Amino acid sequence: MFCRKFDFDLARTLTSGQVFRWREVSVASQGSTFSGWIGANRAEVTQQGQQVTVRGVSAEHVSHFFALDSDLKEIARQIDVDPVIHAALQRYRGLRIIRQDPWECTASFILSSFNNILRLTGMIETLSLRFGDQGVFPRPEALAKVSERVLRNCGLGFRAPYLKTAAQAVASGSAPLEDCRRLEDDELRRSLCKIPGVGEKVVECILLFAYGRAAAFPVDVWIGRSMRAWYFRNRKVTDRQLREFARKHFGPYCGWAQQYLYCTARSGTNE
DNA sequence: TCCCAGGTGTCGC
DNA sequence: GCGACACATGGG
């Protein structure tokens, strides 16, 4: 596979807090190799300069997963509306929004609540090894059968009942994640928010990272703190107001802006 | 020991 | 609608 210059940065994309099952396996002088999962397939992706090579899955799968069909140059042009985002676009050039499996994304971000990424990564790994087929992230049918006590033993804490009930809802068909694809953004939000553990922030993550809804805008503690400082002189502004502001300020691709701002907000911390 | 983590659900006003 | 609080757990 060949990518245009500055069009895609594999490492930045995979280490920006969208996915939690990819690991860097080797570092070459001019590039890097990551190993992870695309749906139920184990994949290894290497980037050497502008060259991207793939093992384990088709180039089409990889292209879709990393949204290489999205015109990043045009998206960047549209959201480049102020000095803060302008600097972030320069600094994190090639960062893309991934298209994940809806269930894995939903489950992952339910577990992300009041958590940190290091521990979240460990929780997801534990679940995959214990309940997934060949290490793949466990299907909802599998998790629905696991007792709350056992899930707590995996370190999920108070999130255990959320995940179990969510798995039951998806497995039973009362939360049809695939059928949901036809819904418009707000309908999709309302539908997904019925799942226990999915609230105003997590639902934005699912829309953005699994359903390709570029106008979704998750506001977490990092984005919240930073945006209040950058755009509101640290005035009291609710998360909802920040989302409204972002939608007007950055436009229909505000979700992409969010990811660049998130990386900026977190810079200086271990990712 | 204290503080924090890519929040949510619930309650009171 | 907003603010306060509980909720488990591990790392810094």
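Chain letters run A, B, ... following the sequence lines, proteins first, then strands; residues in each count from 1. Just so it is clear, the structure is predicted and the values come from calculations on it, not from any experiment.
One can place CE of A:Met123 at 12 Å from P of B:dG7, the figure rounded to the nearest angstrom. As a whole-Å value, the separation of A:Asp220 CG from B:dA5 P is 9 Å. Regarding A:Phe114, its CZ atom lies at a distance of 11 Å from the P atom of C:dC7, rounded to whole Å. Taking atom CG on A:Asn115 and atom P on B:dC3, their separation rounds to 19 Å, with Å as the unit. Taking atom CZ of A:Arg240 as the reference point, atom C1' of C:dC2 lies 10 Å away to the nearest angstrom. Rounded to an integer number of Å, the gap from A:Leu111 CG to C:dG10 P is 15 Å. Atoms CZ (A:Arg119) and C1' (B:dA5) sit 9 Å apart, rounded to a whole Å. Rounding to whole angstrom units, CZ of residue A:Arg243 and P of B:dG7 are separated by 13 Å.
Counting any heavy atom pair closer than 4.0 Å across all strands shown, A:Phe20 reaches no nucleic acid atom. Within the nucleic acid shown, A:Gln241 has no heavy atom closer than 4.0 Å to any nucleic acid atom.
Within the 4.5 Å cutoff, no side-chain heavy atoms of A:Arg213 are placed close to those of A:Arg189. Counting only heavy atoms from C-beta outward, the side chains of A:Phe66 and A:Ile98 approach each other to under 4.5 Å. The side-chain heavy atoms of A:Leu207 and A:Leu192, taken from C-beta on, include a pair separated by under 4.5 Å.
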Tabulated below should be each protein N or O lying under 3.5 Å from an N or O of nucleotides 8-10 of chain B; please produce it.
from: B:dT8; atom 1: OP1; to: A:Gly199; atom 2: N; distance (Å): 2.9
from: B:dT8; atom 1: OP1; to: A:Gly199; atom 2: O; distance (Å): 3.3
from: B:dT8; atom 1: OP1; to: A:Lys201; atom 2: N; distance (Å): 3.4
from: B:dT8; atom 1: OP1; to: A:Val202; atom 2: N; distance (Å): 2.9
from: B:dT8; atom 1: OP2; to: A:Lys201; atom 2: N; distance (Å): 3.3
from: B:dG9; atom 1: OP1; to: A:Gly197; atom 2: N; distance (Å): 2.8

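Put simply, the side chain of A:Lys164 gets close to the backbone of A:Val146: a donor and an acceptor are under 3.5 Å apart. Using a distance-only test at 3.5 Å, with no hydrogens or angles considered, no donor-acceptor pair links the side chain of A:Trp256 to the main chain of A:Leu95. A distance-only check finds a donor-acceptor pair linking the side chain of A:Arg159 to the backbone of A:Ser113 [under 3.5 Å].
A donor-acceptor pair shorter than 3.5 Å cannot be found between the side chains of A:Arg96 and A:Ser70.
Distance check on atom P: B:dC11 versus C:dA8 gives 16 Å, rounded to whole Å. One P atom belongs to B:dG6, the other to C:dC2, and the distance between them is 25 Å to the nearest Å.
For the pair A:Trp222 and B:dG6, the ring geometry does not qualify as stacking, because the centroid separation below 5.5 Å and plane angle under 30° are not jointly satisfied. Here A:Phe158 does not pack flat against the base of C:dA8, since the 5.5 angstrom centre distance and 30 degree tilt limits are not both met.
Residue A:Leu118 places its side chain closer to C:dG11 than to any other of C:dA8, C:dG11, B:dG6.
Contact check, A:Arg159 against C:dA8: no side-chain N or O comes under 4.0 Å of OP1 or OP2.
No hydrogens or angles were tested; on distance alone, nothing pairs the side chain of A:Gln18 with the base of B:dG6 as donor and acceptor under 3.5 Å.
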